[in-house]
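What follows is a short report on a single structure.
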2 protein chains.
Amino acid sequence: MNQLFDRLQNELKKKNINLSYQRLKVLEYLTQNQCHPTVEQIYTDLEKEISTLSKTTVYNTLKKMVSEGLVRIITIEDNETRYDINTHDHGHFKCEICKNIFDFDINMDLVLTKGLERFKILDRNVYFKGICPGCLSNSK
Amino acid sequence: MNQLFDRLQNELKKKNINLSYQRLKVLEYLTQNQCHPTVEQIYTDLEKEISTLSKTTVYNTLKKMVSEGLVRIITIEDNETRYDINTHDHGHFKCEICKNIFDFDINMDLVLTKGLERFKILDRNVYFKGICPGCLSNSK
DNA sequence: ATCTATCGTGTAATAATTACAAAGTTGTAA
DNA sequence: TTACAACTTTGTAATTATTACACGATAGAT
C-alpha cells in the first residue's frame, strides 16, 4: 500500500505489537483519512465493514498506538478527542464555521520558549482557530 | 483589590453584566488562582465558602465570561477543561509528572504560519508537555 | 410596591470514556 | 497436533464531565 502504512507496519513489528485485523483497519482508516477523526467517526465508518466491531476496540487500539507513539492525540475542543497519524510537527487550524481542521507547516524550533530553559519538552502543540478561506468567501 | 480585578469589573460594567455574588467569587477565584483550575477545583474550593453554591452556576458563569472574552478556555488534556483569566497570549507547559501547568511567554507573531495566508486567525494556542524542573531534579 | 428580566439551584438527561469479565485468537513448545 | 499462556475483542455496566430544564430567588426599573 502506501509508504506511511509500510512504515507503520515495520514499527509495529519492531515493537512486537500484533497487527490484528481490527488494528490494521483502524490504522488504515487513519492513514486514508488524515482529517483527524474522532473515535465516533472511526467507529461509525469501520462498523459498516466490520459489523462486529466494538467501540471499545477502537478506544483500545488508539490508546495502544498513542502510547507507542504511532498516533498522536489532537486536543482542540474540550469535548472531542481527535487522532492524527501524522506525527511530524505541524500546526492545526480549526475553522469555527465548517469545523474542519487544516494542517499547516510550522517550525517549532522558531517558537521561542523564554522561561522554559530548565524544562524537558517532550511534546509541542500549536493550534489556531478562526475562519477558513472557503467559509470566508461564502460569507461575503 | 488588584489591578486585573478592577479591570474585570470595569469590563463587566461596560458589557452590562451583573456582578452577582457568585460571579464575583468565581472571578475572584480565577484571579487569585492563576493555576488554570478545572470546574471541579473551582467548585470544590468555593463551596466551602458559599455552601449553597451549585456546580451549574460555576458552569454558567464560566460560559458567560468565556463568551464575553474575559476568560479563556485552556484545552490541553481532552478530559479536563481548564479556565484562565489571563487573556494575553502566552504558552502553557504541562508537567506530565506533577500535572501542574506553567505559563511561559511567547511571541505569537513569530510563529510562522506558512500556508495560512488566506485564513482569518482569531485565536492562537501553544502548549507543550514534558517534565518540569522540580520533577526533573526529584527523579535524579 | 409591582413587574419583568435575569440569576442561581437541584435534579435529570446526555455524551464520552473507562472498567471489567467472558469469549475468541494467536503463537509457541512439547 | 495439542496444550498452554498471553493477548485481543466484545458487550455491558460504571464513571465522569457537561448540559438541559424547571422553578424559586433576586435586583433594577417604573
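Here is how names work: the chains are called A, B, and so on, in the same order as the sequence lines, proteins then strands, and each is numbered from 1.
- Taking side-chain N and O atoms only, B:Thr57 has a distance below 4.0 Å to OP1 or OP2 of C:dT9.
- Contact annotation: B:Gln22 side-chain N/O to C:dT9 OP1/OP2 distance is under 4.0 Å.
- Backbone-only engagement by B:Ser20 is indicated by non-hydrogen atom pairs under 4.0 Å involving sugar-phosphate atoms exclusively.
- Taking the six-membered ring where tryptophan is involved, the planes of A:His92 and A:His90 are perpendicular, since the angle between them exceeds 60° and thus also 30°.
- Close placement of the A:Phe102 and B:Phe119 rings is indicated, their centers lying within 6.0 Å of each other.
- We find that B:Glu40 and B:Lys55 are joined by a salt bridge, their nearest charged nitrogen and carboxylate oxygen being less than 4.0 Å apart.
- Distances shorter than 4.0 Å separate some side-chain N or O of B:Thr52 from OP1 or OP2 on C:dT9.
- Taking every side-chain heavy atom of A:Arg23 into account, D:dT9 is the closest of D:dT18, C:dT9, D:dT9.
- Residue contacts for B:Thr38: at a heavy-atom cut-off of 4.0 Å it reaches no nucleic acid atom on any strand shown.
- Between B:Tyr21 atom OH and C:dC7 atom C1' the separation is 16 Å, expressed in whole Å.
- At D:dT18, one or more side-chain N or O atoms of B:Thr81 fall inside 4.0 Å of OP1 or OP2 (strictly under the cut-off).
- The ring of B:Tyr59 has its center no closer than 6.0 angstrom to the ring center of B:Tyr43.
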